[in-house]
Amino acid sequence: MASFVRIAAASLEGDACAVACRLLGARLVRVTEQGVRSGFIVETEAYRQGDPASHSCRGTTPRNHSMFERPGIAYVYFTYGNHFCLNVVCEPPGIGAAVLLRALEPELGKAEMASARGGRERDLTNGPGRLCQALSIDRTLDGTDLLSSDELFLAAGPVIPQDAIVATTRIGISQGQDRPWRFLLPANPWVSRPLPQGGGRLGTNPGTTATASP
DNA sequence: ATACAGATCATCT
DNA sequence: GATGATCTGTATT
């Protein structure tokens with residue numbers, strides 16, 4: 001059994017954009033009877049308090065109540081009649097802010113991911129619905145504490161330099177389209193889609209490239 | 001390469 | 001009845 005170093009609670013607390021950047025490079029780990037599946041987070045989106053694109057912006061419902069829980073809680077929602085998406089809550093209870101995990105670079109358990117999902121290897125985890133299917137994440141995991149759970153948790157990964165991160169506008173929303181709150185590692189082949197025009201690096205060294213692999 | 005319909009359900013008007 | 005933090009298969013440039 002692989003050993004993982006859990007990520008510090010403090011790294012999940014704070015502004016959703018900051019946490020979204022901090023989560024890049026971290027591992028998402030899923031443990032079932034099938035074994036261990038894990039991947040490096042290579043793409044995230046921030047959904048903040050008062051954000052018109054966020055499920056939290058019109059208050060709690062039975063669907064989204066876990067988004068108003070404490071940092072480190074998983075918000076898993078069902079959408080478009082077919083798909084689940086996984087978020088990490090990042091603000092104190094009652095605020096309603098979270099980071100959507102949009103793409104992973106597969107690490108362990110690729111065969112189990114493929115059997116859970118089918119399709120091409122390249123499409124295993126490059127999208128929020130796909131990664132949930134590959135890791136067998138559904139609404140039964142809504143509300144899971146990603147800091148303490150043994151079946152779904154976050155673990156440390158390689159440190160990603162700020163200048164390897166690009167911020168772009170978010171995907172699939174109709175409100176708040178101007179906000180550049182999608183964060184990705186543009187050199188990594190597992191992102192859900194290539195850079196649109198208008199993305200900007202956060203750091204100061206535009207020549208740098210990086211992948212999430214250690 | 002892009003463009004669409006269809007799946008199928010929680011939530012809102 | 002419409003919309004949506006999506007993905008797939010099929011059709012067309």
Taking only residues at least two apart or on different chains, which pairs with a member in residues 5-22 of chain A satisfy side-chain hydrogen bond (donor to acceptor under 3.5 Å, both in side chains)? A/Arg6-A/Asp150, A/Asp15-A/Arg48

Side chain to side chain donor-acceptor pair (under 3.5 Å) partners of A/Ser115, counting only residues at least two apart: none

Using the salt bridge (Lys or Arg N to Asp or Glu O under 4.0 Å) rule, collect all pairs that involve residues 168-177 of chain A, keeping only residues at least two apart or in two chains. A/Asp51-A/Arg170

If the cut-off is 4.0 Å, is A/Ser174 near the phosphate of C/dG4, judged by side-chain N/O to OP1 or OP2? yes

Output a table of nitrogen or oxygen pairs between the protein and nucleotides 11-13 of chain B separated by less than 3.5 Å.
unit_1	atom_1	unit_2	atom_2	d
B/dT11	OP1	A/Arg63	N	2.6

Would you classify A/Leu100 as touching base, sugar-phosphate or nothing, given that sugar-phosphate means primed atoms plus P, OP1 and OP2, and contacts are heavy atoms under 4.0 Å? base

With sequence neighbours excluded, what pairs up with A/Thr61 under the side chain to side chain donor-acceptor pair (under 3.5 Å) test? A/Asn64

Ignoring hydrogens and angles, does a donor from either the side chain of A/Tyr77 or the base of C/dA5 sit under 3.5 Å from an acceptor on the other? yes

Return a single string for nucleotides 7-13 of chain C, one symbol per nucleotide in 5' to 3' order, where B is base contact, S is sugar-phosphate-only contact and - is none, cutoff 4.0 angstrom on heavy atoms. SS-----

Which pairs pass salt bridge (Lys or Arg N to Asp or Glu O under 4.0 Å) with one or both residues in residues 55-75 of chain A, sequence neighbours excluded? A/Arg70-A/Asp145

For residues 83-99 of chain A, please give each side-chain donor-acceptor pair under 3.5 Å, one per line with the distance, not counting sequence neighbours.
unit_1	atom_1	unit_2	atom_2	d
A/Asn87	ND2	A/Tyr75	O	3.3

In dot-bracket notation, what is the pairing pattern of DNA chain B, taking Watson-Crick (N1-N3 plus N6-O4 or O6-N4) and G-U wobble (N1-O2 and O6-N3) contacts under 3.5 Å, with [ ] crossing and | for other strands? |||||||.||||.

All pairs passing side-chain hydrogen bond (donor to acceptor under 3.5 Å, both in side chains) where residues 127-137 of chain A contributes a residue, at least two apart: A/Arg37-A/Ser136, A/Arg117-A/Gln133, A/Asn126-A/Arg130

Just to be sure I understand the geometry, which residues of residues 43-52 of chain A put a non-hydrogen atom under 4.0 Å away from DNA chain C? A/Tyr47

Pair listing, salt bridge (Lys or Arg N to Asp or Glu O under 4.0 Å) test, anchored in residues 93-103 of chain A, at least two apart: A/Glu43-A/Arg102, A/Glu45-A/Arg102

